[in-house]
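Below is one structure, written out as structure tokens, with a few remarks after it.
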Amino acid sequence: MPRTTRFDRAQVAVLLALEPGGILSVAALALTLELSGRRARRAVKRLQRMGLVVAGGPGGHDGYQITLRGRDALSVGGRTTW
């Protein structure tokens, strides 16, 4: 049976911020989304574990970008099934 995951507001906000493309750091996401650094970091880490965002940049630690799976999750309204 497929598993459905619901996202909290911070996770949806992170996905929406990354959706246009590019690489954003946790600090930039926190500032842009008016989240605490801790809340932004927690949202990014959970999304990364689900394969919805990946570390990007030259060292792989400079920021995060959305994956195709993350874009698909946005298209079904903040829920994903797998």
Side-chain angles (χ1 to χ4, degrees):
M1 175 178 246
R3 189 172 95 192
T4 300
T5 300
R6 291 194 179 266
F7 303 106
D8 66 26
R9 289 181 184 175
Q11 293 163 344
V12 172
V14 167
L15 288 174
L16 288 170
L18 294 173
E19 197 265 335
I23 298 170
L24 293 175
S25 67
V26 171
L29 287 164
L31 184 64
T32 301
L33 302 173
E34 299 180 356
L35 298 172
S36 68
R38 181 179 178 184
R39 189 157 181 212
R41 192 170 27 264
R42 190 172 47 220
V44 167
K45 291 301 179 185
R46 181 161 186 241
L47 293 169
Q48 188 177 27
R49 281 193 305 271
M50 292 188 289
L52 304 180
V53 301
V54 293
H61 303 291
D62 298 332
Y64 295 87
Q65 59 190 12
I66 194 168
T67 64
L68 181 57
R69 187 171 177 186
R71 291 181 194 282
D72 290 344
L74 280 176
S75 71
V76 294
R79 290 176 300 195
T80 187
T81 303
W82 70 90

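Note that this is a predicted model, so its numbers are computed, not measured.
- Between the CD1 atom in Ile23 and the CD atom in Gln65 there is a gap of 4.5 Å [rounded to 0.5 Å].
- Not a single donor-acceptor pair under 3.5 Å links the side chain of Ser25 to the backbone N or O of Gly63.
- A pairwise comparison of heavy atoms in Ala30 and Ala40 identifies CB-CB, 3.8 Å as the closest pair.
- Arg41 CZ to Tyr64 OH: the interatomic distance, rounded to the nearest 0.5 Å, is 9.5 Å.
- Put simply, Met50 and Val53 are part of the same group of oily side chains (I, L, V, M, F, W, Y) that touch within less than 4.5 Å, one to the next.
- Contact between Val26 and Gly37 at its shortest, heavy atoms only, is CG1-O, 4.0 Å.
- Residues Val14 and Leu47 form a side-chain contact, since some pair of their non-hydrogen atoms from C-beta on lies under 4.5 Å apart.
- Taking CG from Leu15 and CG from Asp72, the interatomic distance works out to 11.0 Å, rounded to the nearest 0.5 Å.
- Tracing side-chain contacts under 4.5 Å through hydrophobic residues (I, L, V, M, F, W, Y), one never reaches Val54 starting from Val12; they form parts of separate clusters.
- One distance of note links CZ of Arg39 with CD of Gln11; it measures 9.0 Å at 0.5 Å rounding.
- Across all their heavy atoms, Ala10 and Leu35 have their closest contact at CB-CD1, 4.1 Å.
- Side-chain contact between Ile66 and Leu74: present, with at least one pair of heavy atoms (C-beta onward) separated by less than 4.5 Å.
- Counting non-hydrogen atoms of neighbouring residues, nucleotides and ligands closer than 6.0 angstrom, the CZ atom of Arg71 exceeds 12 such neighbours.
- Rounded to the nearest 0.5 angstrom, Leu33 CG and Leu16 CG are separated by 9.0 Å.
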